[in-house]
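Down below is the structure, laid out as structure tokens.
Position 1 is the first residue of the sequence, and the numbers go up from there.
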Amino acid sequence: MGIDVVGATAQPQPWAGVPLLEVEGLVMHYTTSQGEVYAVDDVSVTLRQGEALGLVGESGCGKTSLALALLRLLPENGRIVRGRILFDGIDLVALSEEEMRRRRWSDIAMVFQGAMNAWNPVYTIARQIEEAMRAHEVGAAMTRRAARVRIGELFELVGLPPRMMDRYPHEYSGGMRQRAIIAMALSCDPKIIIADEPTTALDVIVQDRILKELKRIQRDLDMSIIYISHDIAVIAEVADRIGVMYAGKLVELGDTTSVFGRPRNPYAWSLLTSTPSIRGPRRPLAPLVGEPPDLMHPPSACRFHPRCPLATDRCREEEPPLAAIPDREDQQAACWHWDQVPAPDEAEVLG
């Protein structure tokens with residue numbers, strides 16, 4: 001197998017059956033001078049209380065666009081065309097901007113990609129976290145002293161010494177700035193955190209520490225997390241369930257053990273077999289050939305068929321639905337030939 005699944009389990013999870021966030025048929029486009037970009041196309045997924053959901057795929061597959069759509073933080077040329085985003089039964093798409101602003105950070109918070117460069121260099125970290133708390137009304141009625149006590153508690157929670165709160169961003173290392181961003185995301189006690197490439201540009205030692213801190217915080221606070229990454233090893237370490245995205249679509253979804261042990265979509269298989277393993281017998285890597293499609297002019301039917309070794313005429317003419325795999329309680333794949341996808345260590349079969 002290409003990836004070692006760390007801490008994954010096939011046992012029933014305590015969060016099973018308790019939906020917190022339900023995305024139903026979400027379609028999101030960007031309008032450009034050349035035409036419409038179909039960034040997120042008919043994505044449906046559920047996040048449960050206390051669950052860690054990992055979204056993985058190549059750059060440009062729609063992971064970050066999906067995250068921004070959940071928070072309705074799209075740029076001016078981005079729009080949700082249709083679909084629902086239900087948080088505790090309330091459709092976030094239907095809310096006014098003012099109502100949505102009150103829910104950001106207090107219900108759903110985000111650790112943005114490239115967060116290490118997100119700090120204003122002329123203000124202390126404490127001042128910026130306090131400003132975020134007051135902007136989202138959680139700290140509006142707080143005294144300055146109470147806000148500082150809260151920030152100190154957050155620093156301890158993410159493994160930072162509280163004495164560092166009154167320092168400026170340039171006085172922090174990269175890992176410390178990342179931890180401080182996580183502290184800001186936690187400042188309004190959200191139920192869900194979206195972590196978009198939370199360890200980008202960090203060395204592997206710091207990356208491991210950050211991931212362990214996030215897992216500990218999630219467990220201690222019974223929080224739900226959506227991890228977004230193109231690094232399959234990161235997703236394997238932290239996620240309870242995996243969603244594989246390709247060209248704006250969700251092509252495989254299931255628990256970590258099932259997806260990494262026996263993927264049923266050729267694209268998910270290709271991601272795994274193109275990644276080396278530090279354990280088990282040596283085997284040749286099976287590189288993923290070709291390039292991601294132009295999302296202004298996506299391929300017909302199955303969007304992976306131009307790169308897929310299993311593609312047939314049906315794949316080029318008829319789009320496969322994301323459907324449950326027989327005899328699998330929590331694994332879905334969008335592929336007409338899911339039963340022909342081998343185990344990841346059988347590289348010669350599809351290679």
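In terms of heavy-atom proximity, Asp240 sits nearest to Gly50 at OD2-O, 4.2 Å. Counting all heavy atoms, side chain and backbone alike, Leu295 lies closest to Pro298 at O-CD, 3.7 Å. Of all heavy-atom pairs spanning Gly54 and Ile235, the tightest one is CA-CD1, 3.9 Å. A pairwise comparison of heavy atoms in Ala185 and Pro190 identifies O-CG, 3.3 Å as the closest pair. Shown here for Phe112 and Trp105, the closest heavy-atom pair between the two residues is CE1-CH2, 3.6 Å. Heavy atoms only, all atoms of each residue included: Arg177 and Pro169 are closest at CD-O, 3.6 Å.
No donor-acceptor pair closer than 3.5 Å links the side chain of Arg150 to the backbone N or O of Cys188. When atom types are taken as modelled, the side chain of Gln128 and the backbone of Asn120 share a donor-acceptor pair closer than 3.5 angstrom. Side-chain atoms of Arg307 come within 3.5 Å of backbone N or O of Val289 as a donor-acceptor pair. Judged purely by atom type and a 3.5 angstrom limit, His230 has no side-chain atom pairing as donor or acceptor with the backbone of Glu197. Within the 3.5 Å criterion, the main-chain N or O of Ala236 finds no donor-acceptor partner in the side chain of Thr256. Not a single donor-acceptor pair under 3.5 Å links the side chain of Gln178 to the backbone N or O of Thr199. Checked by atom type and distance alone, the side chain of Asn265 pairs as donor or acceptor with a backbone atom of Ala334 at under 3.5 Å. Between the side chain of Arg72 and the backbone N or O of Leu92 there is at least one donor-acceptor pair closer than 3.5 Å. With hydrogens and angles ignored, the 3.5 Å screen pairs no side-chain donor or acceptor of Lys63 with any backbone N or O of Met245. The main-chain N or O of Leu71 is found under 3.5 Å from a side-chain atom of Arg104 such that the two form a donor-acceptor pair.
Side-chain contact check for Lys215 versus Lys212: every heavy-atom pair is 4.5 Å or farther apart. Within the 4.5 Å cutoff, no side-chain heavy atoms of Leu55 are placed close to those of Val45. In this structure, the side chains of Leu322 and Ser44 stay at 4.5 Å or more apart for every pair of heavy atoms. Between Ile205 and Arg209, the closest side-chain pair of non-hydrogen atoms falls below 4.5 Å. Using a 4.5 Å cut-off on side-chain heavy atoms (C-beta onward), Arg264 and Ser258 make no contact. Residues Cys61 and Pro292 form no side-chain contact, since every pair of their non-hydrogen atoms from C-beta on lies 4.5 Å or further apart. The shortest distance between side-chain heavy atoms of Gln331 and Ile242 does not fall below 4.5 Å. Between Ser65 and Tyr30 the shortest side-chain heavy-atom distance falls below 4.5 Å.
When each of Arg303, Lys249, Arg314 is checked for a salt bridge (charged side-chain N to carboxylate O under 4.0 Å, His left out) with Glu319, only Lys249 meets the rule.
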(message) Let's go through Leu186 and Ile217 carefully: what are the C-alpha distance in whole Å and the side-chain angles of both, what is the deciding distance for side-chain contact (heavy atoms from CB on, under 4.5 Å) to 0.1 Å, and is it a yes or a no?
(response) CA-CA 10 Å; Leu186 293 168; Ile217 291 167; 3.9 Å; yes
(message) Could you walk me through whether Arg134 and Glu131 satisfy the salt bridge (charged side-chain N to carboxylate O under 4.0 Å, His left out) test, starting with their C-alpha distance in whole Å, then the side-chain angles of each, then the deciding distance to 0.1 Å, before giving a yes or no?
(response) CA-CA 5 Å; Arg134 296 190 185 281; Glu131 181 180 358; over 6 Å; no
(message) Applying side-chain contact (heavy atoms from CB on, under 4.5 Å) to Phe155 and Ile129, what does each step give before you reach the verdict?
(response) CA-CA 11 Å; Phe155 268 48; Ile129 295 178; 3.8 Å; yes
(request) Could you walk me through whether Glu252 and Val259 pass side-chain contact (heavy atoms from CB on, under 4.5 Å), step by step? (result) CA-CA 8 Å; Glu252 185 149 358; Val259 174; 4.2 Å; yes
(request) Check the pair Glu213 / Ile210 against side-chain contact (heavy atoms from CB on, under 4.5 Å), numbers first and verdict last. (result) CA-CA 5 Å; Glu213 288 292 339; Ile210 295 293; 5.6 Å; no
(request) Go through the steps for Tyr227 and Glu237 under the test side chain to side chain donor-acceptor pair (under 3.5 Å), then give the verdict. (result) CA-CA 11 Å; Tyr227 291 96; Glu237 183 173 349; over 6 Å; no
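Taking the six-membered ring for Trp and thresholds of 30 and 60 degrees, His29 and Tyr38 have ring planes more than 60 degrees apart, a perpendicular arrangement.
Heavy-atom neighbours of Glu97 CD from other residues, nucleotides or ligands within 6.0 Å: above the threshold of 12.
No single ILVMFWY cluster, assembled from side-chain heavy atoms under 4.5 Å apart, contains both Ile325 and Phe304. Cluster annotation: Leu154 is connected to Met165 through the hydrophobic network of ILVMFWY side chains, with a link wherever side-chain heavy atoms come within less than 4.5 Å. Linking Ile, Leu, Val, Met, Phe, Trp and Tyr residues whenever their side-chain heavy atoms come within less than 4.5 Å places Leu21 and Leu68 in a single cluster. Hydrophobic clustering places Met296 together with Met28 (ILVMFWY residues linked when any side-chain heavy atoms are closer than 4.5 Å, directly or through intermediates). Transitive grouping of hydrophobic side chains (ILVMFWY, heavy atoms separated by less than 4.5 Å) brings Leu26 and Leu74 into a common cluster.
The distance from atom OH of Tyr172 to atom CD1 of Ile181, rounded to the nearest 0.5 Å, is 11.0 Å. Distance check, rounded to the nearest 0.5 Å: CZ of Arg148 to OG1 of Thr143 gives 11.0 Å. The distance from atom CE of Met110 to atom OG1 of Thr64, rounded to the nearest 0.5 Å, is 6.0 Å. Between the CZ atom of Arg241 and the CZ atom of Arg48 there is a distance of 4.5 Å, given to the nearest 0.5 Å. Cys302 contributes atom SG, which lies 12.0 Å from atom OH of Tyr267 (distance to the nearest 0.5 angstrom). Taking CD1 of Ile226 as the start and CD1 of Ile108 as the end, the distance is 7.5 Å to the nearest 0.5 Å.
Applying the 4.5 Å side-chain rule to ILVMFWY residues, one finds that Val149 remains a lone member of its cluster.
With sequence neighbours excluded, the residues satisfying side-chain contact (heavy atoms from CB on, under 4.5 Å) with Ser224 are Leu20, Leu47, Ile192.
Between Arg102 and Glu98 there is a salt bridge, since at least one side-chain N of the basic residue sits less than 4.0 Å from a carboxylate O of the acidic one.
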Scan the side chains in residues 79-91 for donor-acceptor partners under 3.5 Å anywhere in the protein, sequence neighbours excluded, and list what turns up.
| residue | atom | partner | partner atom | Å |
| --- | --- | --- | --- | --- |
| Arg79 | NH2 | Glu36 | OE1 | 3.2 |
| Arg84 | NE | Glu24 | OE1 | 3.0 |
| Arg84 | NH2 | Glu24 | OE1 | 2.9 |
| Asp88 | OD2 | Lys191 | NZ | 2.9 |
| Asp91 | OD1 | Ile85 | N | 3.2 |
| Asp91 | OD1 | Val93 | N | 3.1 |

